[in-house]
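Just so we're on the same page: letters track the sequence lines, and every chain starts at 1.
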Number of protein chains: 2
Amino acid sequence: MADGKAGGTQSGEALLFLTDEQLRKGIEAMFFAYRGFTADPDRILEKYGYGRAHHRAVHFIARAPGTNVNNLLAILGVTKQSLNRVLRTLIEDGLVESRVGVQDKRERHLYLTETGQSLEAELSEAQRARMRVAYRDAGHEAVAGFRRVLEAMMDPDQAAYFHAMSKTLSKKEE
Amino acid sequence: MADGKAGGTQSGEALLFLTDEQLRKGIEAMFFAYRGFTADPDRILEKYGYGRAHHRAVHFIARAPGTNVNNLLAILGVTKQSLNRVLRTLIEDGLVESRVGVQDKRERHLYLTETGQSLEAELSEAQRARMRVAYRDAGHEAVAGFRRVLEAMMDPDQAAYFHAMSKTLSKKEE
DNA sequence: CTTGGAATGTCAACAACGCTGACTTAAAGT
DNA sequence: ACTTTAAGTCAGCGTTGTTGACATTCCAAG
């Protein structure tokens with residue numbers, strides 16, 4: 001436990017040889033890759049005076065148009081106050097529209113305006129471009145593995161949102 | 001460009017079929033997985049009153065004992081002032097030792113104390129545990145793919161640090 | 001030996017974005 | 001009628017990032 005060179009904790013030896021060193025490399029790969037992952041959007045956001053929190057909000061509103069605030073809160077995993085600060089500026093700047101629910105008037109359904117859609121497109125395109133190159137460089141088998149490991153790394157409840165996301169294109173609006 | 005359902009930008013069709021939808025899923029997988037990735041360390045850090053910045057510093061000092069501040073700065077990609085604030089508390093709390101260089105006395109070489117090593121071990125063990133489970137669940141082919149995609153996602157200079165990291169166990173101290 | 005520049009550290013101020021706690025409004029459920 | 005839920009707001013705080021300015025120390029070149 002002192003040096004963790006090769007005799008460290010291991011499990012599942014029957015199937016996988018996982019030295020602490022290999023696991024550490026995986027950890028560092030996540031760290032460096034995530035920085036690359038956010039680098040392009042960060043540069044774009046800076047032009048408009050927004051931050052990552054704005055990007056996340058815009059992304060998931062684009063993904064599930066008409067979602068309400070509570071749902072977005074659960075996906076993003078932040079507090080109401082934190083999201084509200086971001087959402088307010090996006091609404092004030094005319095990127096997001098907040099419509100009062102018809103069935104339940106307490107709820108606000110969120111939509112991107114045309115301006116919002118164009119920012120989202122710009123951010124998304126930059127991020128997808130990087131993913132596309134990385135996917136192509138790595139090959140399609142690598143992509144499948146990449147996705148499998150990432151899914152296994154999520155917290156179960158987070159993973160549920162991740163899977164639901166594909167289907168959340170069904171709008172439960174009014 | 002309005003909906004990006006299936007007719008979006010594609011490249012490398014000869015080898016890979018990459019719809020915008022698949023790329024978006026990859027992006028979201030990174031988002032949710034990174035949250036899982038940091039969740040365990042975050043809980044531990046909270047016990048001691050530290051944050052992620054402390055974790056990163058401790059991790060890379062453990063990785064390259066005797067590294068100087070400038071090198072750490074380049075790896076972490078933050079400003080001197082930002083790192084210094086974190087480093088100061090770690091030194092005050094007796095987790096990190098800063099030794100004046102012998103060859104060049106302007107440089108400070110950084111080392112973990114025993115206390116620092118034990119915190120690092122606790123953080124690292126938690127994070128490795130999650131990686132281990134994720135790796136096992138995904139299978140070893142998936143692991144190789146995971147690593148390949150992550151590497152392809154890094155900025156070139158970041159990737160250089162990532163690769164150098166393995167060899168930086170060579171101490172250039174005094 | 002003096003001087004320029006590199007490495008380091010420090011101070012102040014600020015911004016983004018998390019958090020808690022308290023409170024209001026409106027609408028829905030019971 | 002009463003309670004709960006959804007949303008928004010205000011105030012305050014902590015971490016971590018940023019600039020800019022400035023001091024110190026010390027190597028190295030003139």
Side-chain angles (χ1 to χ4, degrees), chain A residues 31 34-35 38-39 41-59 61 66-93 96-110 172-174, chain B residues 31 34-35 38-39 41-59 66-93 96-110 172 174:
Chain A
F31 170 70
Y34 199 78
R35 287 246 300 248
T38 55
D42 282 354
R43 271 188 287 272
I44 293 165
L45 289 160
E46 209 187 356
K47 292 193 304 180
Y48 300 97
Y50 294 129
R52 272 185 211 176
H54 299 87
H55 183 189
R56 291 194 282 265
V58 162
H59 174 97
I61 293 172
T67 186
N68 62 31
V69 176
N70 253 2
N71 185 36
L72 200 51
L73 238 35
I75 291 168
L76 297 176
V78 296
T79 58
K80 183 179 50 166
Q81 294 89 328
S82 219
L83 175 59
N84 204 261
R85 184 170 31 196
V86 163
L87 228 38
R88 204 185 324 163
T89 70
L90 289 173
I91 292 168
E92 281 170 7
D93 297 353
V96 168
E97 197 188 341
S98 168
R99 295 186 207 154
V100 172
V102 176
Q103 285 188 345
D104 187 334
K105 289 176 194 162
R106 289 171 306 178
E107 296 184 344
R108 307 297 149 91
H109 299 279
L110 303 170
K172 60 167 177 179
E173 53 186 327
E174 47 268 293
Chain B
F31 170 70
Y34 199 79
R35 288 247 299 248
T38 54
D42 282 353
R43 271 187 287 272
I44 293 165
L45 290 159
E46 210 187 355
K47 292 195 305 182
Y48 300 97
Y50 294 129
R52 271 184 212 177
H54 299 87
H55 182 190
R56 291 195 280 264
V58 162
H59 174 97
T67 185
N68 63 31
V69 174
N70 250 7
N71 184 36
L72 200 52
L73 237 37
I75 291 168
L76 296 175
V78 296
T79 57
K80 181 180 55 167
Q81 295 88 332
S82 214
L83 174 59
N84 202 261
R85 183 168 35 197
V86 163
L87 229 38
R88 204 186 323 160
T89 71
L90 289 173
I91 293 168
E92 280 169 7
D93 297 354
V96 167
E97 198 188 339
S98 168
R99 297 186 206 153
V100 173
V102 176
Q103 284 188 345
D104 187 334
K105 289 175 192 162
R106 287 168 306 179
E107 294 185 346
R108 307 297 147 92
H109 298 279
L110 303 169
K172 61 166 175 179
E174 45 268 295

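Counting only heavy atoms from C-beta outward, the side chains of V69(B) and K80(B) never approach each other to under 4.5 Å. Here the side chains of L87(B) and L110(B) are in contact, with some heavy-atom distance below 4.5 Å. Residues D93(B) and Y48(B) are not in side-chain contact: their nearest non-hydrogen atoms beyond the backbone lie 4.5 Å or more apart.
When rounded to the nearest whole Å, the span between CZ of R56(A) and C1' of dA16(C) equals 11 Å. Here the P atom of nucleotide dT25(C) and the CD atom of E107(A) are 21 Å apart, to the nearest Å. The separation between D42(B) atom CG and dC19(C) atom P is 11 Å, rounded to whole Å. Across the protein-nucleic acid pair, L90(B) atom CG and dT15(D) atom P stand 13 Å apart, rounded to whole Å. Rounded to whole Å, atom P of dT24(D) lies 15 Å from atom NZ of K80(B). When the P atom of dA7(D) is taken as reference, atom CD of E97(A) falls 16 Å away, rounded to whole Å. Separating the CG atom of L72(B) from the P atom of dT8(C) is a distance of 10 Å, rounded to the nearest angstrom. When rounded to the nearest whole Å, the span between CD of E92(A) and C1' of dG8(D) equals 13 Å.
Listed pair R99(B) / dT8(C) fails the phosphate criterion, with no side-chain N or O lying under 4.0 Å from OP1 or OP2. Close to dA7(C), at under 4.0 Å from its OP1 or OP2, lies no side-chain N or O of N68(B). Residue H54(A) has a polar side-chain atom (N or O) positioned under 4.0 Å from OP1 or OP2 of dC17(C). A close approach under 4.0 Å does occur between a side-chain nitrogen or oxygen of N70(B) and OP1 or OP2 of dT8(C). The side chain of T79(A) contributes an N or O atom lying less than 4.0 Å from OP1 or OP2 of dC19(C). Taking only side-chain nitrogens and oxygens, R85(B) never comes nearer than 4.0 Å to OP1 or OP2 of dT16(D).
Closest to the K105(B) side chain, of the nucleotides dA22(C), dC26(D), dT5(D), is dC26(D).
Judged purely by atom type and a 3.5 angstrom limit, R52(A) has no side-chain atom pairing as donor or acceptor with the backbone of P41(A).
The base of dT5(D) sits within donor-acceptor range of the side chain of R106(A), with an N or O pair under 3.5 Å. Side-chain atoms of Q81(B) come within donor-acceptor range of the base of dG20(D), with a qualifying N/O pair under 3.5 Å.
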> Does the side-chain contact (heavy atoms from CB on, under 4.5 Å) test come out yes or no for R108(B) and V100(B), once each step is laid out?
Replying inline: CA-CA 5 Å; R108(B) 307 297 147 92; V100(B) 173; 4.0 Å; yes
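Mapping L83(A) and R108(A) onto DNA chain C by nearest heavy atom places L83(A) at the nucleotide closer to the 5' end. Both D104(A) and S82(A) sit near DNA chain C, but only S82(A) has its closest nucleotide nearer the 5' end.
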